[in-house]
2 protein chains.
Amino acid sequence: MNKCEQCIVRQFSSLKALNKDELIRMAECKTSYTIKKGEPIFEEGEVTNGIYCIKDGVCKLSKLSDNGKDQIVKLVKPGELLGQRSMISDEPANLSAIALEDMEVCFIPRSEVMQFFNENNQFSMNVMKTICEDLKGADDHIVNMAQKTVRQRLVETLIYLEETFGKNEDGSLHIQLSREELAGMIGTATESCIRLLSELNKSNLIELNGKKIFITDKNKLKRFS
Amino acid sequence: MNKCEQCIVRQFSSLKALNKDELIRMAECKTSYTIKKGEPIFEEGEVTNGIYCIKDGVCKLSKLSDNGKDQIVKLVKPGELLGQRSMISDEPANLSAIALEDMEVCFIPRSEVMQFFNENNQFSMNVMKTICEDLKGADDHIVNMAQKTVRQRLVETLIYLEETFGKNEDGSLHIQLSREELAGMIGTATESCIRLLSELNKSNLIELNGKKIFITDKNKLKRFS
DNA sequence: AAATTTGTATGACAAATATCATATTTTGTT
DNA sequence: AACAAAATATGATATTTGTCATACAAATTT
C-alpha cells in the first residue's frame, strides 16, 4: 500500500491540509485503482460513497442530454478531487466521470473524508473553496454557452486545452479528444466541429495531422474568435 | 430595528441554523435596505463584504457577456441568501444582482457571518449545501444551453417561471420579465424571443396580453418542446 | 394632449448551425 | 495482409437563429 504522505498530487488538492496522522489514517482506508482510457470512474446517478483523488491521467465530467448527446461540463486533471459535491449534498453523482487517458486514482470512503471534514477546519475550507471555484467556473460557462458562437467556443476551447494540459514535444495538444468529444465540449454537432476545424486549418491558424492538433498561431487564433 | 428572530424568511435559508443568541447578534449588526425595481443590490466585480438576505422581491443574477448582452444565470427569491460564494472565496462578485421587483433585503457584514460560519457547524453545512445545489443547477444549465434549441429553452423557462414564482389571480405569470430579460434568460436575441412567443401564442399554447403571459395548456406546452 | 422615448412586433434577409448522405481515412481484429 | 468497424471529412440541403429595418403600441415626459 502506497503512503499518502509521499504522494505528490495530494499537495495540489484540498488534502494538503491534512496532518501526518490523518494521512496515515487515509492511507489505511484508501483503495487505488487503475482506469483504462474510455472507462468510467463513476456514472451519472451512481451513489459514489466517497471521493476520488486523481493521481494520474485526465478525465471528463459529462452528462447525457435528452437529445442523446453527451455534454462535457469539465475536464479534471491530476491533483484534483472528484465527488466532493455529491459527498456534501449526500446525493448520487450528477455527472459521469470517464477517463480520457489511462488513469490512476485513489478512492477514499465517505466516512473517512467526513471525519477529516469535521475535525480539520482547513481541509473543509479548502473543499469549500474548490466547490466555490467550480460554481464560478460553471456560471461563466453558462454565459459562454448562451452568448458565444460555436466558432468562438471552439477557438477558446483549443486555447484552453493547450494552456491547461500543455503540448507534446512535437507541439501538438497533449490532450487528445475525439472530434465527437471536442464537439461535446463546445456543445455542437460533430460535423460542425470537424468543419470548423478544417476551416481553421485552411486559414493556417491550426494544423491537423490525424488526431493531432497543432496551434500554429495562438495570437491570431485568439483574435479570430 | 427589526428582530431577526421574528423574520419568517430567515427560516428558509441557511440562517435557520442560528440560535437565539446568534440571531440577536445578527439583528444588531444587520442593515435593512429597500431596493427599487431595476436597481442593483451589487454589481459584477464589486467587493460585497457580506451577504444579503432576501426578505421580499425577486432579483436576477446576471453577467455581461463580451457581445454586450446580459445573460441571466439565476433568479433568486425571498428566503435565499446572496453573496455566499464571494464571501467564502473572498473574491468580488462574479455576477450582478438586479431587482426585478421592489425588494427588501438585509445586509449582514462578512465578519459576523464568518463568525457564525466558524462556530456553528450546522450553519456552515447549510451554506455549503446551498452552494452545492447551485453548482448542480449550474452544471445542468450548461447542458441545457449547449444541447437544447432556443424553442425548448423558452418553453422550459416559461414553465419554470410558473412553477417557481406562481401565477397572479388572473392566471398570468407572477414574475414579469421584459422580452429582453426573457431573451437574456434563454440566451437568444430579443427578436427571436418575441417571435417564438408569438408562435406559441398562435399555436394556442400561451396567451399574450401586453406584458402578461398566460400558460394556456401546460401539458401541451411541455410536449411541444 | 402632444411629443418623445421605450418596448414590442413583424418582415426580409443573411448567417450560422444541424442533418443526412456519402466518401475517405484510420484503427483494430482476425 | 485483409477485412471490418469506427472515426474523420466533405458536399448538399434544410432549419434555426441573428441582424437590420420598420411599424406599431405603450409608457413617460413635456
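Naming: A, B, ... by sequence-line order, numbering from 1 per chain.
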Next on the checklist: Between C1' on C/dA18 and NZ on A/Lys69, what's the gap in Å once rounded to a whole number?
Outcome noted: 7 Å
Next on the checklist: What is the separation between atom CD1 on B/Ile186 and atom C1' on D/dT17, rounded to the nearest whole Å?
Outcome noted: 11 Å
Next on the checklist: Can you measure A/Gln176 atom CD to C/dT26 atom C1' for me and round it to whole angstrom units?
Outcome noted: 13 Å
Next on the checklist: Does a side-chain N or O of B/Lys211 approach OP1 or OP2 of C/dT8 to a distance below 4.0 Å, or not?
Outcome noted: yes
Checklist entry - CG of A/Leu154 versus C1' of C/dT17: gap in Å, rounded? => result 13 Å
Item to check | Heavy-atom pair of closest approach, residues A/Met185 and A/Leu177 | outcome: SD-CD1, 3.7 Å
Checklist outcome for this item: In 5'-to-3' order, the base (B), backbone-only (S) or no-contact (-) status of each nucleotide in nucleotides 9-16 of chain D, using a 4.0 angstrom heavy-atom cut-off, is BBBB----
Checklist entry - Do the charged groups of B/Lys218 and B/Glu163 touch, with an N to O distance under 4.0 Å? => result yes
Checklist entry - Salt bridge between A/Asp90 and B/Lys129, side-chain N to carboxylate O under 4.0 Å? => result no
Dump the pairs, protein N or O against N or O of nucleotides 4-6 of chain C, anything under 3.5 Å, distances to one decimal.
none

Item to check | Other residues, nucleotides, ligands: >12 heavy atoms within 6.0 Å of B/Lys167 NZ | outcome: no
Item to check | Salt bridge present between B/Glu91 and A/Lys136 (N-O < 4.0 angstrom) | outcome: yes
Checklist outcome for this item: A/Glu180 atom CD is separated from D/dT8 atom C1', nearest whole Å, by 12 Å
Next on the checklist: Measure CG/B/Leu200 against P/C/dT8 and give the value in whole Å, please.
Outcome noted: 16 Å
Next on the checklist: In this structure, how many angstroms lie between the C1' atom of C/dT17 and the CD atom of A/Gln152, rounded?
Outcome noted: 14 Å
Checklist outcome for this item: salt bridge (charged side-chain N to carboxylate O under 4.0 Å, His left out) filter on A/Arg151, not counting sequence neighbours, yields A/Glu199
Checklist entry - Whole Å only: how far is the CD atom of A/Glu199 from the P atom of C/dA15? => result 14 Å
Checklist entry - Quick one: is A/Ser192 getting a side-chain N or O under 4.0 Å of the C/dA16 phosphate, OP1 or OP2? => result no
Checklist outcome for this item: Contacts of B/Lys63 meeting side chain to side chain donor-acceptor pair (under 3.5 Å) (sequence neighbours excluded), chain-then-number -> A/Asp140, B/Asn94
Checklist entry - Is there a side-chain polar atom (N or O) of B/Thr188 under 4.0 Å from OP1 or OP2 of D/dG18? => result yes
Checklist entry - What residues form a side chain to side chain donor-acceptor pair (under 3.5 Å) with A/Glu43, not counting sequence neighbours? => result none
Next on the checklist: Suppose we screen for salt bridge (charged side-chain N to carboxylate O under 4.0 Å, His left out). Which residues come up paired with B/Lys69, at least two apart in sequence or across chains?
Outcome noted: none
